[in-house]
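See structure below.
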Amino acid sequence: MKKNEVPQDITKLDKGPMNWVNYVTDENGNYTKEISNGWEPENIALEQVWEDVNNNVEATRQKVVNGELSPIAYYLEKNLMDIPLLASYVDKWQWQVKRHMKPEIFKTLSKEMLEKYAFVFKISVEDLINNSSLRK
Amino acid sequence: MSDIKLNFEHHHSAHCENGVISNLFKFNGLDISEPMAFGIGSGLFFIHIPFIKVNGIPGTSYRIWPGQIFQRASKRLGVKMYADTFRNPKKGKEALDAVLAKGIPVGLVVSVFYLPYLPEVFRFHFNAHNLVVYGKEGNEYLISDPVMEHVTRIHEDDLMRARYAKGTPEPMGKMYYPTEMPKEIDWKKAIVEGIYKTGYDMSHIPIPFFGSKAIRYLASKLKDYPEKVGDRKAALYLGNIIRMQEEIGTGGAGFRFVYAAFLHESAKKLNSNWLQDKSIELTKTGDLWRDFAFKAGRVCKNRSADKTSYKDLSEILIECSHQEEKLFFELHSKIRTI
């Protein structure tokens with residue numbers, strides 16, 4: 001890639017002030033560095049991933065509001081986790097985490113267990129239990 | 001602990017691991033550029049293992065696994081490194097503070113997800129990011145993250161979360177710094193060894209998951225994605241290939257330009273026209289990779305069930321594979337004779 005070809009493509013995602021270093025050739029064929037603040041294919045791929053994530057979060061939110069799943073399922077999606085990852089964060093087996101995602105089991109969780117989940121999700125225990133914030 | 005601010009020079013880099021090597025070595029008096037660190041550490045590679053899935057998507061990588069560039073580069077340059085992990089987070093923090101207090105900037109392995117200074121759209125559970133801590137003020141650590149344009153800072157609680165992220169691989173509070181720098185460096189030997197290894201990796205491994213064979217392997221899988229996994233998943237798979245290729249500022253060519261920059265610099269250092277020719281060749285292959293990513297991006301966006309578009313993409317990959325196989329085969333067979 002030549003120096004004057006470095007892409008500066010914008011995206012609808014909020015990338016903040018991030019710039020990437022690109023290694024490019026100058027007019028004499030020497031390698032040098034040039035800043036890029038985005039490239040179309042990368043933007044498309046990233047937008048696609050976030051669209052997928054947001055769809056999952058929204059679908060799970062609906063299920064939590066309808067009482068099919070406990071709030072843990074929602075915050076799991078929100079934090080881009082999966083069950084094996086969350087299980088290792090709270091020091092439980094995967095089947096236990098799956099169980100905690102059932103609303104009736106979730107109600108019986110101890111305070112310590114709730115605190116563990118709240119810590120991992122970076123929220124308070126009240127926010128975790130109180131799912132009124134999930135109703136829009 | 002009192003405030004510490006080391007006189008650490010931050011250089012904005014294309015990639016975290018090379019950037020940290022270059023920045024840390026420079027602090028210790030060894031002037032090495034990012035591409036040089038990447039090349040001597042034999043960072044360039046290609047891996048495609050469809051049955052190892054990352055978030056349900058077949059794994060593809062354009063470089064060697066994390067940590068290897070560091071190990072190889074320091075070995076070949078004769079730098080002695082300290083590296084350790086700490087199972088107990090409290091001990092990990094104490095160790096970091098103790099080393100900082102001695103005036104040593106420390107490299108850390110962290111998870112990207114817990115770095116608040118990065119924009120949210122880039123924060124995934126990727127656990128092998130590298131950065132340098134060069135001081136502490138109050139309850140904030142001073143951070144030189146090579147992919148950031150400028151130095152930044154992070155709250156100690158956030159840094160602890162990042163250092164003790166779970167998943168694969170677990171950083172477990174890993175920290176490292178050079179303990180002994182070489183008095184003299186045999187650049188030629190280091191460069192030749194680095195190129196020889198990459199040449200072997202790219203053209204000689206007799207398993208289809210690694211090297212230029214793996215590019216062809218990916219090509220053969222790619223053309224059947226729409227039929228095998230459906231349009232939506234095919235687009236996600238393709239998007240992942242683009243994202244791995246781009247992986248934070250490699251110019252859209254999956255590290256090929258960084259390696260070409262390394263060959264260019266080596267050609268000058270060793271006075272070799274042949275290496276310069278190889279650098280130009282690899283730049284051309286890099287441009288072909290960019291062409292691939294550009295077209296792949298368009299395919300992702302259209303979500304068309306167009307089977308021919310995947311077939312066309314697959315053909316570009318096959319061309320990339322042939323060019324790289326030829327180039328690295330030649331590098332492998334001739335580098336020791338220069």
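Residue numbering restarts at 1 for every chain, and letters A, B, ... go by the order of the sequence lines. All values below were derived from every heavy atom in this structure, side-chain atoms included, with hydrogens, water molecules and symmetry-related copies excluded.
- Atoms CD and CG, from B:Gln276 and A:Asn30 in turn, are 7.5 Å apart once rounded to the nearest 0.5 Å.
- Heavy atoms of A:Leu86 lying under 4.5 Å from chain B are absent altogether.
- Shown here for B:Ala293 and A:Pro41, the closest heavy-atom pair between the two residues is O-CB, 3.3 Å.
- The heavy-atom pair separating A:Tyr89 from B:Lys166 by the smallest distance is OH-N, 3.1 Å.
- For the atom pair OH (A:Tyr23) and OG1 (B:Thr283), the distance works out to 13.5 Å, reported to the nearest 0.5 Å.
- Put simply, the side chain of A:Asp82 does not reach to within 4.5 Å of the side chain of B:His125, judged on heavy atoms.
- Counting non-hydrogen atoms of other residues, nucleotides and ligands closer than 6.0 Å to CH2 of A:Trp50 gives a total above 12.
- With a 4.5 Å cut-off on non-hydrogen atoms, B:Asn127 does not touch chain A at all.
- When heavy atoms are compared at a cutoff of 4.5 Å, B:Phe113 approaches chain A solely by way of its side chain, counted from C-beta outward.
- Both the backbone and the side chain of A:Ser88 come within contact range of chain B, judged by heavy atoms closer than 4.5 Å.
- Heavy atoms of B:Arg161 lying under 4.5 Å from chain A belong exclusively to its side chain.
- Separating the SG atom in B:Cys300 from the CG atom in A:Asn43 is a distance of 12.5 Å, to the nearest 0.5 Å.
- Ion pairing between B:Arg290 and A:Glu5 fails under the 4.0 Å rule for side-chain N and carboxylate O.
- Annotation: B:Glu120, atom CD; neighbour count of heavy atoms from other residues, nucleotides and ligands within 6.0 Å does not exceed 12.
- More than 12 non-hydrogen atoms from other residues, nucleotides or ligands lie less than 6.0 angstrom from CD of A:Gln62.
- Nearest approach of A:Asp14 to B:Val121, heavy atoms of both residues: O-CG2, 3.6 Å.
- There is no contact between B:Ala296 and chain A, counting heavy-atom distances below 4.5 Å.
- Under the 4.5 Å side-chain criterion, counting only non-hydrogen atoms from C-beta, A:Tyr31 is not in contact with B:Pro35.
- The distance from the OG1 atom of A:Thr25 to the CG atom of B:Asp287 is 7.5 Å, given to the nearest 0.5 Å.
- Without hydrogens or angle criteria, B:His12 side chain to A:Asn19 main chain gives a donor-acceptor distance under 3.5 Å.
- Once rounded to the nearest 0.5 Å, the distance linking CH2 of A:Trp20 with CD of B:Glu149 reads 11.0 Å.
- Residue B:Asn271 qualifies as open at atom CG: its count of foreign heavy atoms under 6.0 Å is 12 or below.
- Annotation: A:Lys78, atom NZ; neighbour count of heavy atoms from other residues, nucleotides and ligands within 6.0 Å does not exceed 12.
- With a 4.5 Å cut-off on non-hydrogen atoms, B:Leu238 does not touch chain A at all.
- Neither the backbone nor the side chain of A:Lys2 comes within less than 4.5 Å of any heavy atom of chain B.
- A search for salt bridge (charged side-chain N to carboxylate O under 4.0 Å, His left out) contacts involving B:Arg153 returns B:Glu137, B:Glu140, not counting sequence neighbours.
- Looking at B:Tyr114, the atoms closer than 4.5 Å to chain A (heavy atoms on both sides) all sit in the side chain, from C-beta outward.
- How far CD of A:Glu40 is from CZ of B:Phe294: 4.5 Å, rounded to the nearest 0.5 Å.
- For residues 98-122 of chain A, heavy-atom neighbours of chain B at less than 4.5 Å comprise A:Phe119, A:Val120, A:Lys122, sorted by residue number.
- Contact of B:Lys284 with chain A is not made at all, since no heavy-atom distance falls under 4.5 Å.
- Of all the listed residues (A:Val6, A:Ile44, A:Thr32), the one sharing the greatest number of non-hydrogen pairs under 4.5 Å with chain B is A:Ile44.
- At least one side-chain heavy atom of B:Leu118 sits less than 4.5 Å from a side-chain heavy atom of A:Met18.
- The closest donor-acceptor contact from the side chain of A:Gln48 to the backbone of B:Ala235 lies under 3.5 Å.
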